[in-house]
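Please read the structure below before turning to the comments.
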Amino acid sequence: MLTKLNNGLKMLDKKILVVFGDSNVWGAELKDVPEKQQEFKSVVYDPNKIENWPYHIRYSFSGVLAQRHNMQILNLAIPGSSNDTIFRRVNKFLQGKYPVNVNDCFVMVFWTAVERREFYKAKNKMYLNYSPLWGHFMQIPWHKKFHNVYSKNMFDCNYDIQRTFDYMQSLTGLLKYKNIEFTQGYSIYNKQLCELVLKSKLPNLISNRIQDSVHTITQELAGKDAKSPNKYQCNKSHPNELGHIAIADRYTELLNERQAL
């Protein structure tokens, strides 16, 4: 189901494509991709110098879209990101903390798994993302202790769904107030979250279908292709180069449909 925008999408009228999301959006598992958050650079890449783009920027679906539309690209996704992090980083973008003029940008926000949370580690002055589903990764003693306390006493899926919906609704108002062209979508789909979005008639969703979430598109293609392993995914199920092209193709179709409304 698509929701009509008041003035249509004007992606082609903008100079810079800015994307937010998780590892699926970042280009995780592609060649030479940085794996540590402190290694990520908020760099705007010029379409006239594509040969200088990092591999994971050039061959992720957002990079493919930027090249097709002769746009600059700023990929502000983070692997393992929570929706807390995505919301905070979009607000940093609105506050002018990144090297772009927000009025020159078309923004795409892809929301991730609702149960992920962001915490601030004051000792190191850094942000950490955590999920109660990551318990088997917890090797450091205090991480294990934190996980045991959080997962048993603080985790509530209904609260997490509502929190993400609040983020989506808040950003809709903020981005529209700033007159920034944007769309939202799902990197990792959640049915209950989608039901809230549909019930509230929240605008600016590129699609509310599970088939159109970033992660699901490549899964669906593998099903149609009936081959194993999935030729559209890397070893850890992130989209590979072929998968990112397929995602870019699908979002091009959806953007064109929205533009025509």
Side-chain angles (χ1 to χ4, degrees), residues 11 14-83 85-86 88-90 92-93 97-100 105-113 116 118 126-129 131 137 183 185-188 206 212-219 221-222 229-252 255:
M11 180 177 180
K14 299 298 180 179
K15 298 178 182 178
I16 308 167
L17 176 60
V18 182
V19 291
F20 298 87
D22 58 10
S23 54
N24 294 301
V25 183
W26 173 243
E29 292 194 83
L30 295 182
K31 187 175 69 175
D32 299 330
V33 63
E35 296 182 356
K36 296 182 180 180
Q37 183 172 337
Q38 56 266 36
E39 296 177 3
F40 302 164
K41 305 298 182 183
S42 301
V43 177
V44 181
Y45 293 100
D46 191 323
N48 296 317
K49 299 179 181 179
I50 291 177
E51 66 278 4
N52 296 331
W53 292 18
Y55 190 91
H56 75 100
I57 297 292
R58 183 172 180 176
Y59 292 98
S60 65
F61 73 87
S62 61
V64 174
L65 287 173
Q67 292 175 63
R68 288 177 179 177
H69 298 296
N70 197 35
M71 299 174 75
Q72 298 173 44
I73 177 72
L74 175 59
N75 189 327
L76 293 175
I78 290 181
S81 179
S82 64
N83 290 327
T85 297
I86 293 171
R88 177 175 59 82
R89 286 172 74 82
V90 177
K92 283 183 64 178
F93 163 78
K97 302 294 185 179
Y98 296 110
V100 291
C105 299
F106 180 83
V107 175
M108 302 182 79
V109 182
F110 294 93
W111 300 97
T112 188
R116 297 180 184 178
E118 178 184 79
M126 62 183 296
Y127 292 95
L128 299 173
N129 281 290
S131 169
F137 293 127
T183 188
Y186 304 101
S187 179
I188 298 177
I206 191 169
D212 294 324
S213 71
V214 177
H215 186 68
T216 310
I217 288 173
T218 52
Q219 291 180 327
L221 286 169
N230 186 340
K231 72 176 185 179
Y232 298 96
Q233 292 182 334
C234 299
N235 292 334
K236 296 180 181 179
S237 80
H238 295 102
N240 59 20
E241 291 87 344
L242 190 60
H244 279 286
I245 290 173
I247 295 166
D249 289 343
R250 179 56 184 152
Y251 288 150
T252 296
L255 288 168

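On a predicted model such as this, the values are computed, not experimentally measured, just so you know.
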Original post:
Any side-chain heavy atom of E118 within less than 4.5 Å of one from L128?
Top reply: no

Original post:
Does D46 offer a backbone N or O that forms a donor-acceptor pair with the side chain of W53 under 3.5 Å?
Top reply: yes

Original post:
Any side-chain donor-acceptor pair under 3.5 Å between S187 and N24?
Top reply: yes

Subject >> By ring pair (Phe, Tyr, Trp, His ring centres under 6.0 Å) - contacts of Y186 (at least two apart) >> reply: Y189

**OP:** Determine yes or no for a side-chain-to-main-chain donor-acceptor pair under 3.5 angstrom, with Q233 supplying the side chain and N240 the backbone.
**Re:** no

Subject >> Short side-chain to backbone donor-acceptor contact, T183 and I206, under 3.5 Å >> reply: yes

Subject >> side-chain contact (heavy atoms from CB on, under 4.5 Å) evaluation trace for R89 with Y98 >> reply: CA-CA 10 Å; R89 286 172 74 82; Y98 296 110; 3.6 Å; yes

**OP:** Establish, from distance only, whether the side-chain atoms of Y45 and Q67 form a donor-acceptor pair under 3.5 Å.
**Re:** no

**OP:** Taking R58 for its side chain and G63 for its backbone only, find out whether a donor-acceptor pair lies under 3.5 Å.
**Re:** no

Subject >> side-chain contact (heavy atoms from CB on, under 4.5 Å) assessment of V109 paired with I86 >> reply: CA-CA 8 Å; V109 182; I86 293 171; 3.7 Å; yes

Original post:
N75 versus F40: any side-chain heavy-atom pair under 4.5 Å?
Top reply: no

Subject >> Ring geometry between F61 and F110 (parallel below 30°, tilted from 30 to 60°, perpendicular above 60°) >> reply: perpendicular

Original post:
Can you find a side-chain donor-acceptor pair between H238 and S23 that sits under 3.5 Å?
Top reply: yes

Subject >> Any donor-acceptor N/O pair, T216 side chain to D212 backbone, under 3.5 Å >> reply: no

**OP:** Show your reasoning for whether side-chain contact (heavy atoms from CB on, under 4.5 Å) applies to R116 and N83.
**Re:** CA-CA 7 Å; R116 297 180 184 178; N83 290 327; over 6 Å; no

Original post:
For N235, does the CG atom have more than 12 heavy-atom neighbours from other residues, nucleotides or ligands under 6.0 Å away?
Top reply: no

Subject >> Partner of L65 by side-chain contact (heavy atoms from CB on, under 4.5 Å), out of M108, H244, M71 >> reply: M108

Subject >> Distance under 6.0 Å and angle within 45° of ring axis: K31 vs Y55 >> reply: yes

Original post:
Is there side-chain contact between R68 and D249, with at least one heavy-atom pair below 4.5 Å?
Top reply: yes

Original post:
Do F93 and F20 have side chains that get closer than 4.5 Å, going by heavy atoms?
Top reply: yes

Subject >> Any donor-acceptor N or O pair under 3.5 Å, side chains T112, D22 >> reply: yes

Subject >> F106 vs L255 side-chain heavy atoms within contact, under 4.5 Å >> reply: yes

